[in-house]
Amino acid sequence: MNDHIRRNMPLFPISIVKKLTELSARQIRYYEEYGLVFPSRTEGNQRLFSFNDVDRLLEIKSLLERGVNLQGIREIFLLREHNTSKTAGPPMRRDGDLTDLELRRHLKNELVYTGKYGRTSLIQGQLSRFFD
DNA sequence: TTTCTAACA
DNA sequence: TGTTAGGA
């Protein structure tokens with residue numbers, strides 16, 4: 001049994017995830033509805049989160065605190081999936097280490113993009129200061 | 001008792 | 001996001 005299956009094994013109910021992440025059940029369910037996490041379900045339709053799900057939720061929480069909104073987080077996750085799946089080799093980066101360098105480039109582009117087309121910015125408040 | 005969905009004084 | 005109703 002490798003790490004992958006281990007990290008994705010459905011283990012804890014929302015009550016445990018609440019404690020682990022310090023997020024409200026409302027938030028956890030909302031983030032799922034938004035497509036940021038996809039916990040499996042029990043026969044009784046109750047959510048069962050994997051270690052990976054908890055990890056993602058912690059990252060979501062962290063990014064939200066840094067001023068990134070849900071749409072931004074969604075894109076960050078999409079970007080990671082696009083270049084994490086190709087890395088089947090040894091240097092598989094975990095956690096939020098993708099972030100620093102690539103996240104900065106991405107966020108900066110978002111600022112430029114939103115500035116050009118006047119759409120709702122993906123970045124809120126002070127975060128934009130990191131890119132002057 | 002815990003969790004689920006849906007909806008909003 | 002919080003909170004609550006009503007059911008499983």
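Only heavy atoms go into these numbers, but all of them, side chains included; no hydrogens, no water, no symmetry mates.
Per the geometry, CG belonging to A:Leu23 stands 8 Å off P belonging to C:dT1, to the nearest Å. In this structure, A:Phe12 atom CZ and B:dT2 atom P are separated by 19 Å, rounded to whole Å. Distance CZ (A:Phe49) to C1' (B:dC4): 12 Å, rounded to an integer number of Å. Atom pair A:Gln27:CD and C:dT3:P shows a separation of 11 Å (rounding to whole Å applied). Separating the CZ atom of A:Arg47 from the C1' atom of B:dT2 is a distance of 12 Å, rounded to the nearest angstrom. Atom C1' of nucleotide C:dT1 and atom CD1 of A:Ile60 are separated by 15 Å, given to the nearest angstrom.
At least one side-chain heavy atom of A:Leu23 sits under 4.5 Å from a side-chain heavy atom of A:Tyr31. Residues A:Val68 and A:Ile76 are in side-chain contact: their nearest non-hydrogen atoms beyond the backbone lie under 4.5 Å apart. Between A:Phe77 and A:Ile60, some side-chain heavy-atom pair lies under the 4.5 Å cut-off. Side chains of A:Arg56 and A:Phe38 form a contact here, defined as non-hydrogen atoms less than 4.5 Å apart. Between A:Arg74 and A:Tyr34, some side-chain heavy-atom pair lies under the 4.5 Å cut-off. At least one side-chain heavy atom of A:Leu70 sits under 4.5 Å from a side-chain heavy atom of A:Tyr30. Using a 4.5 Å heavy-atom cutoff, the side chains of A:Ile14 and A:Arg29 are in contact.
Cluster annotation: A:Leu20 is connected to A:Leu64 through the hydrophobic network of ILVMFWY side chains, with a link wherever side-chain heavy atoms come within less than 4.5 Å.
Considering A:Glu59, A:Arg47, A:Glu32 as possible partners of A:Val37, the one that fulfils the side-chain contact (heavy atoms from CB on, under 4.5 Å) test is A:Glu32.
Contact check, A:Arg26 against B:dT5: no side-chain N or O comes under 4.0 Å of OP1 or OP2.
Counting heavy atoms of neighbouring residues, nucleotides and ligands inside a 6.0 Å radius, atom CZ of A:Phe51 does not exceed 12 of them.
A:Asp55 places no side-chain N or O within 3.5 Å of a backbone atom of A:Asn52 that could act as its donor or acceptor partner.
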Intra- and inter-strand pairs of DNA chain C in dot-bracket (Watson-Crick or G-U wobble, both distances under 3.5 Å; | for another strand) = .|||||.|
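Shown for residues 28-42 of chain A: residues whose heavy atoms fall under 4.0 angstrom of DNA chain B, namely A:Arg29, A:Arg41.
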For nucleotides 6-8 of chain C, print each protein N/O atom paired with a nucleotide N/O atom at under 3.5 Å, atom names and distance only.
none

